[in-house]
Peer 1: 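First, the structure itself, so that you have it in front of you.
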Amino acid sequence: MARHRLRHAGPARPAHRSRRPLRGEIEFGKLGAVGVGRIKTSTPHSIHRTPGMIHRDNPELYRVVLTLAGSPRLSQDGRNTQLSRGEFAIYDFSRPYELAYDSAVRLVVFSFPREQLAVPVDAVAELAALPIGAESGAAALAVPLLRRVALDHETYRPGSAARLSGVVTDLVSAAVAERLDLARSLPADARQRTLLMEVHAFIEQRLGEIDLDPATVAAAHHISVRYLHRLFESENTTVAAWIRQRRLERCRADLISGGGRSVSAVGARWGLPDAAHFSRLFRQAYGMPPAEYRRAHTVR
């Protein structure tokens, strides 16, 4: 990821509104076809695009800005939004905008061609510069993913980066569509990929619940059990097998973390309260019983 002293993020003009020197950093790089930038500054200023600048250089891009710290203000098409930590907003880089900072901020910014967003351009225009929170749905998945990808993206191999760029645009598309009540207008494959990610997150949050099963997962997402099983065909597994695998992975991590829990307590914590059943499943997965695994992987 390239690093620069703070000037501006792309073909836009900075406006310095303080007598103090303009201080900060911009880092930018690529995640497949998606541009990724990190902005950190402690100096009040703004970045804006004017009609003249757009006339000279007009890439048809969307940008998504996510606030990690501070309260930046984003303005476009007469809307003026103060973004809070954990909120993101989308704006059209081919139309005038202003992104202003009254105090220190840390932001991540994603750029991608407009055609990669599976939502009509006129619909996106209705949402430009409006905040999207992480309370539920696709946005609840998008915010932590955007944050993690922006922090770690230079560590990804090219193949992983290309796949993750698709996940980023899928989740942003789904979050924007949900905010506009247009989720059903997304392409079927994008809807399925997003739904599968939501199902994965739901399962992950409830692994400790003994009664977690395909029927529970399907009911929570308002789909049939049959359709849920179809979603998991792309994973080459079943819903029950996925739940079991994730439970055993959590158990394995606990066993080697030195947390002090007994083997049976570890199993019960992750939805496997029958000690004999837990031991049998663990041995099938990792080649030895959990107690033996703990002894073999404990640093002395």
Side-chain angles (χ1 to χ4, degrees), residues 86 133-149 151-152 156 160 163-164 167-168 170-171 174-175 178 191-299:
E135 292 82 12
S136 62
L141 296 177
V143 167
L145 176 75
L146 293 176
R147 183 189 300 116
R148 190 74 266 159
V149 164
L151 295 177
D152 294 345
Y156 300 128
S160 297
R163 287 191 295 273
L164 274 172
V167 173
V168 166
D170 276 349
L171 280 179
E178 286 178 1
R191 291 201 308 271
Q192 288 181 354
R193 288 193 299 267
T194 302
L195 177 57
L196 185 58
M197 285 186 279
E198 292 177 358
V199 167
H200 283 172
F202 178 86
I203 289 171
E204 206 70 23
Q205 293 165 4
R206 291 162 176 80
L207 288 173
E209 298 175 8
I210 299 173
D211 59 353
L212 180 66
D213 60 12
T216 303
V217 175
H221 292 86
H222 311 291
I223 57 177
S224 68
V225 173
R226 186 174 185 176
Y227 184 68
L228 178 65
H229 285 306
R230 282 178 52 200
L231 286 177
F232 274 78
E233 288 176 1
S234 64
E235 305 283 289
N236 294 317
T237 188
T238 65
V239 187
W242 179 270
I243 293 171
R244 182 170 61 251
Q245 174 190 335
R246 295 304 304 143
R247 280 174 167 163
L248 290 172
E249 274 297 299
R250 291 295 190 94
C251 291
R252 185 191 66 82
D254 273 8
L255 288 170
I256 63 177
S257 69
R261 289 186 176 88
S262 67
V263 168
S264 60
V266 168
R269 183 188 185 197
W270 298 112
L272 297 168
D274 184 320
H277 180 60
F278 168 43
S279 181
R280 184 168 59 254
L281 291 177
F282 194 93
R283 183 168 188 162
Q284 289 172 354
Y286 301 107
M288 62 183 73
E292 184 179 338
Y293 188 92
R294 167 179 274 174
R295 287 192 298 270
H297 292 81
T298 298
V299 178

Peer 1: Taking the six-membered ring for Trp, are Tyr293 and Tyr286 parallel (under 30°), tilted (30 to 60°) or perpendicular (over 60°)?
Peer 2: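 It falls in the tilted class, 30° to 60°.
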Peer 1: Determine the minimum heavy-atom distance between Ala134 and Gly86, stating which atoms define it.
Peer 2: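 Closest heavy-atom pair between Ala134 and Gly86: CB-O, 4.3 Å.
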Peer 1: Under 3.5 Å, is there a donor-acceptor pair between the Arg226 and His229 side chains?
Peer 2: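 Checked: Arg226/His229 side chains show no N/O donor-acceptor pair below 3.5 Å.
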Peer 1: Provide the closest heavy-atom pair for Arg283 versus Pro289 in the form atom of the first, atom of the second, distance.
Peer 2: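 Distance-wise, the nearest heavy atoms are NH1-CG, 4.0 Å.
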Peer 1: For the side-chain hydrogen bond (donor to acceptor under 3.5 Å, both in side chains) test, which of Gln192, Arg193, Arg191 pairs with Asp170?
Peer 2: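 Of the listed options, the one satisfying the test is Arg193.
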Peer 1: Under a 4.5 Å cut-off applied to non-hydrogen side-chain atoms, are Glu235 and His200 in contact?
Peer 2: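 Yes, their side chains come closer than 4.5 Å.
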Peer 1: With a 4.5 Å cut-off on side-chain heavy atoms, are Val167 and Arg163 touching?
Peer 2: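 No, too far: nothing below the 4.5 Å cut-off.
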Peer 1: Can you find a pair of side-chain heavy atoms, one from Phe282 and one from Leu272, that are under 4.5 Å apart?
Peer 2: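 No - every pair of side-chain heavy atoms lies 4.5 Å or more apart.
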Peer 1: How close do Arg250 and Glu204 get, counting heavy atoms only, and between which atoms?
Peer 2: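 Closest pair (atom of Arg250, atom of Glu204, distance): NH2-OE2, 3.1 Å.
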Peer 1: Do His221 and Leu228 have side chains that get closer than 4.5 Å, going by heavy atoms?
Peer 2: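 A side-chain contact under 4.5 Å is absent here.
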Peer 1: Would you say that Trp270 contacts Asp254 through its side chain, given a criterion of any heavy-atom pair below 4.5 Å between the two side chains?
Peer 2: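 Sidechains of Asp254 and Trp270: in contact.
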Peer 1: Do Thr216 and Arg206 touch side chain to side chain, with heavy atoms closer than 4.5 Å?
Peer 2: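 No, side chains not in contact.
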Peer 1: Is a side-chain N or O of Ser234 found less than 3.5 angstrom from the main chain of Leu231, in a donor-acceptor match?
Peer 2: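 Indeed, once roles are kept as given, a pair shorter than 3.5 Å links the two residues.
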Peer 1: Do Phe232 and Val217 come close enough that some side-chain heavy atom pair is under 4.5 Å?
Peer 2: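 A side-chain contact is absent here, since even the closest heavy-atom pair is not under 4.5 Å.
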Peer 1: Any salt bridge between Glu249 and Arg252, counting N to O under 4.0 Å?
Peer 2: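 Between Arg252 and Glu249 there is a salt bridge, with a charged N closer than 4.0 Å to a carboxylate O.
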Peer 1: When you measure from the side chain of Arg247 to the backbone N and O of Leu207, does any donor-acceptor pair fall under 3.5 Å?
Peer 2: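 Such a contact is found between Arg247 side chain and Leu207 backbone.
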Peer 1: Which value, rounded to the nearest 0.5 Å, describes the distance between Leu141 atom CG and Thr194 atom OG1?
Peer 2: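 With rounding to 0.5 Å, CG (Leu141) is 8.5 Å from OG1 (Thr194).
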Peer 1: Mark yes or no for whether Glu178, through its side chain, and Gly137, through its backbone, hold a donor-acceptor pair below 3.5 Å.
Peer 2: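 Flag not set: sc Glu178 to bb Gly137 has no pair under 3.5 Å.
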Peer 1: How about Leu145 and Met197: do any of their side-chain heavy atoms sit closer than 4.5 Å?
Peer 2: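 Of all side-chain heavy-atom pairs linking Met197 with Leu145, none is under 4.5 Å.
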